[in-house]
Amino acid sequence: MAAPLSDAPLSPFKTIAVVGLGTMGTGITEVLARAGREVVGIDVSEAATAHAVAALETATARAVQRGRLTEQERTDALARVRTSTDLSAAADADLVIEVAPESYEIKHQIFRELDGIVRPDTILATGTNALSVTRLAADSARPERVLGLHFFNPAPAMKLVEVVSSVLTAPAAVAAVTELAIELGKEPVAVGDRPGFVADGLLFGYLNQAASMYEAKYASREDIDAAMRLGCGLPMGPLALLDLIGIDTARTVLEAMYSESHDRLHAPAPILKQLSEAGLTGRKTGRGFYSYETPGSATVVRDALTPPEGAQLTPGRTVRSVGVAGSGTMASGIAEVFAKAGYEVVLAARSEEKAQFAKSRIGKSLSRSVDRGRMTAEAAAETLDRITAAGSYDSFADVDLAVEAVAEDLEIKQQLFATLDKVCKPGAVLATTTSSLPVVACARATSRPQDVIGMHFFNPAPAMKLVEVVRTVLTDVDVQSTVHEVCVKIKKHAVDCGDRAGFIVNALLFPYLNNAIKMVQEHYASLDDIDAAMKLGGGYPMGPFELLDVVGLDVSLAIEKVLHREFRDPGLAPAPLLEHLVAAGCLGRKTGRGFREYARR
């Protein structure tokens, strides 16, 4: 038996074998060769090795054109790569990185053969993102030298590398591979062995819920994707991302996650199975959730599900003046948005003093826009003049649209809607900005539920482009049309959804945040590593714990409770760690401490 790794000198990883020359394997090969390593690319298919060489030549030529490589550096990098269809070509490798298809049988066969080929001190790494590293290591002759090395696609561009340890992995192997990742210009994060690791473990649960949401016909694919891009700042919507990843790949990862967690949130949505079995696996086949110009193309083309261009909705009602109820940040932001678009706005609160304070906040916001060159001083003054501050909701008597933006408390909102029902003229549209409460409950507090709709803005309202338009079973069609027409005038992107907890964005965002908390609670990974993984591996503008501290842990807990109560899914139960932090008054940035501590201002 080989000497324990901790007693053996580590290889400097001068020669690295990459087994499996698909897109990921080819990308890893490019990264290694450009970093000065000798690389042996191995694949059972001669066509795959030829394609990999051609892809490397194209990628490095593009890098020269963009000034990222010199012609000599390109020549040297290509010279460092040789390919083979025989696994024995890995005999002299210091490190082997396996990126074969996600199949235990295939990977076991490769690792068994490698045991009889490589040197005793060679480290074996699997690039799996779904299968158990421990299970693969246990069948190896040298389990202490087996670990996971999970790159992200495209490997040359993506900075994240997850270094996965099993209970059998020697710490020295982890240290050596981590150092290699740093030398490659990557950001390694240390994680334990569970399906999906950190980034995919959080990402695929979210993608699965988005697929379920679409399957339930709750919202269109375009609206789900636009909501997550505009509401969360994500580079791609979840359904477009599933098409990019491959729907069959997503299904494999989710099945592996579900087999371990038995969490219903990880049980693959039936539509993933249906699309996979029909061969509609995304971009690579030319059709998945969307249709593409050709297999492999990123260009989406119209199909039977594409909304007709210039579709005429039922004509909406005329809106010339708008009432905004509330005095907080959201109410001020919404009033500013409408005034900038040319509407006459009545900003009403429970007292004249509160309303004037809210208007002064808008004045400061407009002044900042002037200072930044986004509007002229004259336009700012005209915008502010269009806003009338009032200390009574009686001032809404003549408005065409009344938008409620008061506390997220159903009883308070219902009382306000009962008041609006009395003071607003017949035919006025009444909208609630609730993010988690049932819109129909507000509607039933009035004698005209057909005029009530949800109009969920995102904070800060002047900057965020998304508005979720929430129609209840009682809402008139022309009321929905009115809100869409208004959204065009205020330059917001409207997405339609039904009246259920969380609507689109919060229903997909907060379970993801809750799952991140569970990872920390279970000591699976650190706050910093999870945040880094989601920013670097998922393209998220903020890591989950950064976002939780900004949103407020109390707000997050309240939304989690609403989602759990509505959907009755055990996987949606708020993480105990979140409840404990809220009980301790650690609410995030606003209190100076949440998941992290902040300097007091």
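Bear in mind that the values here come from a model prediction, so they are computed numbers and not experimental data.
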Exercise for the section: Look at the rings of Phe458 and His456 and say which category their plane angle falls in: under 30° parallel, 30 to 60° tilted, over 60° perpendicular. Expected result: tilted
Exercise for the section: Look only at the side chain of Asp549 and the backbone of Phe595, and say whether a donor-acceptor pair between them is shorter than 3.5 Å. Expected result: yes
Fill in the blank from the handout: Across all chains, not counting sequence neighbours, the salt bridge (Lys or Arg N to Asp or Glu O under 4.0 Å) partners of Arg229 are none
Exercise for the section: List in chain and number order the residues that pass side chain to side chain donor-acceptor pair (under 3.5 Å) with Asn208, two or more places apart in sequence or in another chain; answer none if no residue qualifies. Expected result: none
Completion exercise
Between the CG atom in Leu272 and the CD atom in Glu215, the distance rounded to the nearest 0.5 Å is 7.5 Å
Practice task
Spell out, as yes or no, whether a donor-acceptor pair under 3.5 Å connects the side chain of Arg317 to the backbone of Gly427.
Solution key: yes
Problem - NZ/NE/NH1/NH2 to OD/OE distance under 4.0 Å, Arg500 and Glu566 - result: no
Handout entry: Taking every non-hydrogen atom, the tightest pair across Asp496 and Ile504
Key = O-CD1, 4.1 Å
Practice task
Check whether more than 12 heavy atoms from other residues, nucleotides or ligands sit under 6.0 Å from atom CZ of Arg302, and answer yes or no.
Solution key: yes
Fill in the blank from the handout: With sequence neighbours left out, the residues meeting side-chain contact (heavy atoms from CB on, under 4.5 Å) with Pro235 are none
Practice task
Output the distance between atom NE2 (His580) and atom CG (Leu553), rounded to the nearest 0.5 Å.
Solution key: 13.0 Å
Exercise for the section: Begin from the C-alpha positions of Val319 and Val429 and carry the test side-chain contact (heavy atoms from CB on, under 4.5 Å) through to its verdict. Expected result: CA-CA 9 Å; Val319 176; Val429 173; 5.6 Å; no
Practice task
Keeping the roles fixed (side chain from Thr419, backbone from Gln415), state whether a donor-acceptor pair exists under 3.5 Å.
Solution key: yes
Exercise for the section: Output every pair passing ring pair (Phe, Tyr, Trp, His ring centres under 6.0 Å) with a member in residues 213-241, not counting sequence neighbours, ordered by first then second residue. Expected result: Tyr214-Phe289
Practice task
Check whether any side-chain N or O of Asp569 sits under 3.5 Å from a backbone N or O of Gly571 as a donor-acceptor pair, and report yes or no.
Solution key: yes
Practice task
Sequence neighbours left out, what passes side chain to side chain donor-acceptor pair (under 3.5 Å) with Ser332? Give chain and number order.
Solution key: Arg361
Cut-off 3.5 Å, no hydrogens considered: what does the side-chain donor-acceptor table look like for residues 435-444, sequence neighbours left out?
unit_1: Ser435; atom_1: OG; unit_2: Glu408; atom_2: OE2; d: 3.4
unit_1: Ser436; atom_1: OG; unit_2: Glu408; atom_2: OE2; d: 2.9

Practice task
Just do the side-chain hydrogen bond (donor to acceptor under 3.5 Å, both in side chains) check on Ser447 and Asp421 with the steps written out, would you?
Solution key: CA-CA 7 Å; Ser447 64; Asp421 187 31; 3.0 Å; yes
Handout entry: Interatomic spacing from NZ in Lys518 to CD in Glu522 - rounded to 0.5 Å
Key = 8.0 Å
Problem - Rounded distance [0.5 Å steps], OG1 in Thr249 versus NZ in Lys284 - result: 4.0 Å
Practice task
Could you check Glu336 against Val345 for side-chain contact (heavy atoms from CB on, under 4.5 Å), going step by step and ending with a plain yes or no?
Solution key: CA-CA 9 Å; Glu336 179 181 335; Val345 179; over 6 Å; no
Exercise for the section: Please say whether more than 12 non-hydrogen atoms of neighbouring residues, nucleotides or ligands are located less than 6.0 Å from NZ in Lys425. Expected result: yes
Practice task
Would you check if the side chain of Asn129 reaches a backbone N or O of Phe197 as a donor-acceptor pair within less than 3.5 Å?
Solution key: no
Handout entry: Asp243/Arg287 salt bridge by N-O under 4.0 Å criterion
Key = no
Completion exercise
Closest non-hydrogen atoms of Ser327 and Ala349, given as atom of the first, atom of the second and distance, are CB-CB, 3.8 Å
Handout entry: Gap between atom CE of Met534 and atom CG of Leu513 - 0.5 Å precision
Key = 10.0 Å
Practice task
Taking Asp248 for its side chain and Ser276 for its backbone only, find out whether a donor-acceptor pair lies under 3.5 Å.
Solution key: no
Exercise for the section: Could you label the plane-to-plane angle of the Tyr512 and Tyr206 rings as parallel, tilted or perpendicular, counting under 30° as parallel and over 60° as perpendicular? Expected result: tilted
Practice task
Mind checking the CE-OG spacing from Met375 to Ser367? Nearest 0.5 Å is all I need.
Solution key: 9.5 Å
Exercise for the section: Report the C-alpha separation of Asp303 and Thr306 in whole Å, then their side-chain angles, then the decisive distance to 0.1 Å, and conclude whether the side-chain hydrogen bond (donor to acceptor under 3.5 Å, both in side chains) test is met. Expected result: CA-CA 5 Å; Asp303 59 21; Thr306 305; 3.1 Å; yes
Exercise for the section: Answer yes or no: is there an ion pair linking Glu485 with Lys489, defined by an N-O contact shorter than 4.0 Å? Expected result: no
Exercise for the section: Give a yes or no on whether the backbone of Gly205 and the side-chain of Asn515 come within a donor-acceptor separation of less than 3.5 Å. Expected result: no
Completion exercise
Taking every heavy atom of Ala331 against every heavy atom of Ala325, the minimum-distance pair comes out as CB-O, 4.3 Å
Practice task
Test side-chain hydrogen bond (donor to acceptor under 3.5 Å, both in side chains) on Thr472 and Thr475 and set out the steps.
Solution key: CA-CA 5 Å; Thr472 78; Thr475 307; 3.0 Å; yes
Practice task
Ignoring hydrogens and angles, tell me if any N or O in the side chain of Lys492 forms a donor-acceptor pair with the backbone of Phe457 under 3.5 Å.
Solution key: no
Practice task
For the residue pair Tyr290 and Tyr292, categorise the inter-ring angle as parallel (less than 30°), tilted (30 to 60°) or perpendicular (more than 60°).
Solution key: perpendicular
Practice task
Of all the heavy-atom pairs spanning Ser297 and Thr299, show the shortest one and how long it is.
Solution key: OG-N, 2.9 Å
Fill in the blank from the handout: Nearest heavy-atom approach of Leu578 to Ser556 is CD2-C, 4.4 Å
Handout entry: Within 6.0 Å of CD in Gln450, more than 12 heavy atoms from elsewhere
Key = yes
Problem - Test applied, side chain to side chain contact (heavy atoms under 4.5 Å, CB included); reference residue, Ile387; option that passes from Ile362, Val346, Val324 - result: Ile362
Handout entry: The single option from Lys535, Arg589, Arg596 passing salt bridge (Lys or Arg N to Asp or Glu O under 4.0 Å) against Glu546
Key = Lys535
Handout entry: Nearest atoms (heavy-atom pairs only) where Pro511 meets Gln209
Key = CB-OE1, 3.4 Å
